[in-house]
Amino acid sequence: QVLLKTDGRPLNARVELLQGPNNSKQVMQIYTEDGLERPFYAIINTPGSGNIIWIMNTATVEFPMTASLDPYEVSNKPSFEDMEPVINGFGGLAGR
């Protein structure tokens, strides 16, 4: 799960998901006028191993943001070999 917020200033960010070396990255461009009243929250599906979530503040230095990245669900698969990268109908990203 990803949570992005500010102290009431505008939020302008980019979230990228990379699933393994041979897949295209999935990108979300995020903008909200007030990052305290309307923060950004998403659950990103990252099955398998080798996933990277990259969060970048695309605003100027005058508009800092707080980013929180926590596991939503941990797999109970016995090994990494049993897990395969999956791209769902949301282009690899599941959220709201």
Side-chain angles (χ1 to χ4, degrees):
Q1 17 184 11
V2 176
L3 174 65
L4 305 177
K5 63 181 180 175
T6 66
D7 60 356
R9 300 176 188 192
L11 170 67
N12 200 357
R14 180 180 173 114
V15 177
E16 294 183 4
L17 170 65
L18 292 91
Q19 288 186 299
N22 297 325
N23 291 330
S24 300
K25 63 183 171 185
Q26 307 299 314
V27 179
M28 289 187 284
Q29 295 278 31
I30 297 122
Y31 177 78
T32 180
E33 212 35 64
D34 184 341
L36 182 63
E37 190 171 309
R38 291 176 298 282
F40 172 79
Y41 175 77
I43 297 172
I44 300 175
N45 192 9
T46 58
S49 62
N51 296 298
I52 298 171
I53 296 177
W54 184 42
I55 302 169
M56 182 173 66
N57 185 1
T58 55
T60 59
V61 72
E62 292 85 12
F63 300 103
M65 73 172 189
T66 302
S68 176
L69 183 65
D70 294 311
Y72 179 72
E73 179 180 313
V74 179
S75 175
N76 59 2
K77 300 273 183 168
S79 69
F80 286 122
E81 288 78 28
D82 294 335
M83 298 183 229
E84 295 293 325
V86 173
I87 297 179
N88 61 25
F90 295 99
L93 302 173
R96 53 179 163 150

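Connection of Leu18 to Val2 is not established within any shared hydrophobic cluster, with ILVMFWY side chains joined at heavy-atom distances below 4.5 Å, either directly or through further cluster members.
Here CD1 of Ile52 is found 11.5 Å from OG1 of Thr46. Values are rounded to the nearest 0.5 Å. A distance of 10.0 Å separates CD in Glu16 from CD in Gln26, rounded to the nearest 0.5 Å. In this structure, the separation between CZ on Arg38 and NZ on Lys5 is 15.5 Å, given to the nearest 0.5 Å. Ile30 contributes atom CD1, which lies 9.0 Å from atom CG of Asn12 (distance to the nearest 0.5 angstrom). Atoms CG and CZ, on Asp34 and Arg9 in that order, are 11.5 Å from each other to the nearest 0.5 Å.
By the 4.5 Å heavy-atom criterion applied to side chains, Val27 and Lys25 are counted as neighbours. Residues Ile44 and Asn51 fail the side-chain proximity criterion, which asks for heavy atoms closer than 4.5 Å.
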Only distances under 3.5 Å count here; give the side-chain donor-acceptor pairs of residues 62-70 to other protein atoms, sequence neighbours excluded, each with its distance to 0.1 Å.
{"residue": "Glu62", "atom": "OE1", "partner": "Thr60", "partner atom": "OG1", "Å": "2.8"}
{"residue": "Ser68", "atom": "OG", "partner": "Asp70", "partner atom": "OD2", "Å": "3.3"}

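Summarising the geometry of Ile53 relative to Leu17, their closest heavy-atom pair is CG1-CD1, 4.0 Å, with the distance given to 0.1 Å. Taking every heavy atom of both residues into account, Ala13 and Thr58 meet most closely at N-OG1, 3.4 Å.
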